[in-house]
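Report on the structure given below.
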2 protein chains.
Amino acid sequence: MSEAPPASWELFRTLLAVIRTGSLSAAARSLGLTQPTASRHIAELEAALGGGALFTRSPQGLAPTDTARALAPHALAMESAAAALVRAASGAAGEIAGVVRIAASEVIGGEVLPAMLRDLRALHPGLKFEVVLSNQPADLLRRDADIAIRMVRPKQEALVAKKVGDVLLGLFAHPDYLAAHGKPKTVEDLRRHAIIGFDRDPAGVAILRNFGASLTRDVFAYRTDDQVAQLAAVRAGFGIGVCQVALARREPKLTRLFPKEFAFPLETWVTMHQDLRGSARMRAAFDFLADALGAYVRAGR
Amino acid sequence: MSEAPPASWELFRTLLAVIRTGSLSAAARSLGLTQPTASRHIAELEAALGGGALFTRSPQGLAPTDTARALAPHALAMESAAAALVRAASGAAGEIAGVVRIAASEVIGGEVLPAMLRDLRALHPGLKFEVVLSNQPADLLRRDADIAIRMVRPKQEALVAKKVGDVLLGLFAHPDYLAAHGKPKTVEDLRRHAIIGFDRDPAGVAILRNFGASLTRDVFAYRTDDQVAQLAAVRAGFGIGVCQVALARREPKLTRLFPKEFAFPLETWVTMHQDLRGSARMRAAFDFLADALGAYVRAGR
DNA sequence: CTTCACTCATAAGTTTCCGTATATCAGCTC
DNA sequence: GAGCTGATATACGGAAACTTATGAGTGAAG
């Protein structure tokens with residue numbers, strides 16, 4: 001067992017594609033290669049990594065062995081880093097131009113970010129944006145995004161973080177709904193209404209239960225963990241649900257309920273990887289978003 | 001500006017080597033390539049990344065531009081991930097064999113780990129170890145190591161962490177030193193002795209100042225942030241310094257001073273990346289180290 | 001001032017690697 | 001069961017990439 005020569009990084013990329021797609025042919029297609037090339041890459045990699053088989057071949061495709069499965073996260077990390085590298089190179093250093101990849105929750109990303117990015121781009125027309133919408137925000141340390149907007153305090157030291165304030169959550173309903181079903185006068189009244197709430201997300205369910213002890217998951221008439229869907233249900237007049245106050249202010253159609261009793265603060269942070277501090281466009285986007293989100297947060301008070 | 005085809009990952013590896021070495025020739029040597037190949041790789045990369053120059057050529061070598069400098073951390077991340085991938089593949093899945101890379105402080109790594117790893121290897125002869133000694137422990141999230149032993153509570157959720165207890169720090173001196181200079185009777189006495197302490201590390205300086213307010217940095221007769229050097233100075237009979245109690249117990253030559261008054265607990269954690277939970281050998285090493293360090297910690301009480 | 005050691009660039013030769021074409025096997029539809 | 005569509009494996013020719021060889025420039029040492 002002599003020391004094998006280090007495998008070409010290119011092979012890792014093929015490995016990842018094969019694990020993803022489950023076949024040499026599909027992997028080759030996705031990479032712009034041909035099937036024999038992918039086959040050769042895997043064979044080479046198996047040889048370079050000590051000879052153990054990485055896949056079990058079959059006419060249906062390649063099934064990864066346990067070994068190959070263990071390699072997948074590392075190959076993913078390489079891919080994220082490669083993508084981040086290409087983004088970092090997408091604008092000349094010093095100029096505010098190029099690609100910025102932003103991770104945000106679905107509501108922020110879908111309802112709040114677009115207008116902000118429009119204004120940011122008006123300021124710097126050379127900027128391009130990639131937006132990743134997920135409620136489990138992409139890990140900046142994995143370089144899945146350059147800038148993340150998160151609702152929890154970031155814990156990693158390798159990050160630059162700025163708190164923009166507390167996004168206020170309120171209880172809202174469409175006037176049509178209230179006209180048809182009446183306006184609840186007390187918290188207990190809510191139990192008789194069509195409540196729109198979370199399905200499984202424990203943190204989400206807790207928001208309403210903390211408000212009124214009787215507002216448990218089983219009284220919800222509309223359950224979904226997708227906050228965009230919740231918002232849509234409120235707007236459609238289905239019932240009463242949670243919505244960011246600053247967001248609802250923009251649509252005077254929605255009526256806020258129990259404004260004094262129910263006001264759930266959600267601390268909000270803009271975060272960026274330390275490595276990106278030196279990049280002019282990342283800094284510009286970071287500062288702009290921190291400002292704009294600060295204004296958004298203040299609008300909700 | 002058409003969408004460029006994604007650059008080969010192999011080019012990123014060359015990029016990193018060129019940034020590291022500062023010349024195409026040296027980079028090529030380090031990669032087992034030739035200089036024209038490295039040259040072509042960089043040219044290709046410059047073309048693929050939008051045409052901007054990454055280096056300024058000169059007869060002295062290649063100086064990275066700001067753009068290239070911004071890419072370096074991402075290329076480093078790729079390299080770490082690639083190395084972690086190769087390590088992960090170094091043993092058959094399920095078997096307890098292959099390479100485990102461990103990050104630890106200099107003292108733990110130099111004085112405590114060797115015997116533990118000897119015993120672990122006796123249990124599993126197929127294991128090989130890589131030990132990274134640094135007081136700013138390598139970031140597991142960057143995959144610079146598989147397992148880290150740290151003196152602070154890990155904050156990242158992506159890590160598996162286990163607290164093994166508190167390593168106790170005590171004040172020690174060699175009997176020869178005490179015979180020559182007398183044994184200090186009170187804390188104030190210490191000011192007249194040859195104290196071995198930290199140089200710049202604020203956390204280190206604070207350890208002694210918390211003990212006696214008068215034990216500020218300026219009374220240290222031997223200042224170094226290298227804890228191995230501190231230990232060596234204590235062993236050589238230079239003076240009085242801080243040492244892990246469990247470590248000093250092994251050498252009955254060292255005498256502990258103020259055992260009741262000075263006992264500084266340092267919480268100790270063994271940590272591992274979540275991705276590695278499924279690996280038999282990583283788990284085995286993790287569990288073994290947690291046990292062994294637990295025993296070590298208890299020996300210091 | 002010459003020489004040596006180091007750099008990068010370019011041209012030519014050789015190897016390696018990739019793509020095309022073909023054979024084979026499994027499953028699904030008709 | 002024939003035929004279609006998916007898969008992998010293998011053979012072979014050509015293009016791409018790497019190595020070798022050479023030239024030119026810079027800086028330090030003798």
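Residue numbers start from 1 in every chain, and the chains themselves are labelled A, B, ... in the order their sequence lines are given, proteins ahead of strands. Here the structure is a predicted model, which is why all the values come from computation and not from measurement.
- Atom CG in Leu31(B) sits about 15 Å away from atom C1' in dA17(D), given to the nearest Å.
- Arg40(B) has a side-chain polar atom (N or O) that falls below the 4.0 Å cut-off from OP1 or OP2 of dC18(D).
- Within 4.0 Å of Ser39(B), counting heavy atoms only, lie sugar-phosphate atoms of the nucleic acid but no base atom.
- Checking the phosphate oxygens (OP1, OP2) of dT19(D), a side-chain nitrogen or oxygen of Thr34(B) falls inside 4.0 Å.
- Across the interface with DNA chain C, nearest-nucleotide mapping of Gln60(A) and Glu10(A) shows Glu10(A) to be the residue nearer the 5′ end.
- Residue contacts shown for Gly32(B) are limited to sugar-phosphate atoms, with no base heavy atom under 4.0 Å away.
- Residue Ser23(A) places at least one side-chain N or O closer than 4.0 Å to OP1 or OP2 of dA7(D).
- Leu62(B) places its CG atom 14 Å from the C1' atom of dC6(C), with the value rounded to the nearest Å.
- Contact annotation: Thr37(B) does not reach the phosphate of dA17(D) (side-chain N/O to OP1 or OP2, under 4.0 Å).
- Within the structure, every side-chain polar atom (N or O) of Arg57(B) is placed at least 4.0 Å from both OP1 and OP2 of dT10(C).
- No hydrogens or angles were tested; on distance alone, nothing pairs the side chain of Gln35(A) with the base of dA7(D) as donor and acceptor under 3.5 Å.
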Derivation of the salt bridge (charged side-chain N to carboxylate O under 4.0 Å, His left out) call for Asp275(A) and Arg143(A):
CA-CA 10 Å; Asp275(A) 291 347; Arg143(A) 295 160 200 270; 3.2 Å; yes

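- Considering only side-chain N and O atoms, His41(A) lies nowhere under 4.0 angstrom from the phosphate OP1 or OP2 of dC17(C).
- Both Pro36(A) and Pro59(A) lie near DNA chain D, and the one whose nearest nucleotide falls closer to the 5' end is Pro59(A).
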